[in-house]
Amino acid sequence: MDTWSPKGTSTRLGFMTDTAERLDITAARREVLGQVLDKWSVLVLEELCDRPRRFNELRRLIPVTQKSLTATLRRLERSGIVERIVISD
């Protein structure tokens, strides 16, 4: 049987059955993954991993509309993944 894996390995691609069962993905884990793995959340989290950022910094770094960035940050905050801190100048 042909596989995409290099010779001498046992990994085969395209032969997984019932992925959720094999990976033991529960409903709670699916919900978290769904929130984190959307288009903008990945980019936002990547920028926030370096250091805390202000909203306008994120807007300059990520090619996203203000509305989408606001919605993404609110969703991540509700999930407890990010924390919003108000800093007065």
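Index from 1, following the sequence.
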E57 side chain reached by R51 side chain, heavy atoms, under 4.5 Å:
yes

For a side chain to side chain contact (heavy atoms under 4.5 Å, CB included) with S41, tell me which candidate from L43, D38, V44 qualifies.
D38

Is there side-chain contact between T65 and K67, with heavy atoms separated by less than 4.5 Å?
yes

May I ask you to decide if Q66's main-chain N or O and T70's side chain share a donor-acceptor pair within less than 3.5 Å?
yes

Taking it one step at a time, do L73 and R84 satisfy side-chain contact (heavy atoms from CB on, under 4.5 Å)?
CA-CA 9 Å; L73 288 169; R84 180 176 181 239; over 6 Å; no

Is it true that R60 and E47 have a side-chain N and a carboxylate O under 4.0 angstrom from each other?
no

Check against side-chain contact (heavy atoms from CB on, under 4.5 Å), L58 and L48:
CA-CA 9 Å; L58 290 172; L48 292 176; 4.3 Å; yes

Please report the interatomic distance CZ(R59) to OG(S68), rounded to the nearest 0.5 Å.
11.0 Å

State, to 0.1 Å, how close P63 and W40 come at their nearest heavy-atom pair, and which atoms those are.
O-CH2, 3.1 Å

Under the rule for side-chain contact (heavy atoms from CB on, under 4.5 Å), what residues qualify as partners of E83, not counting sequence neighbours?
I85

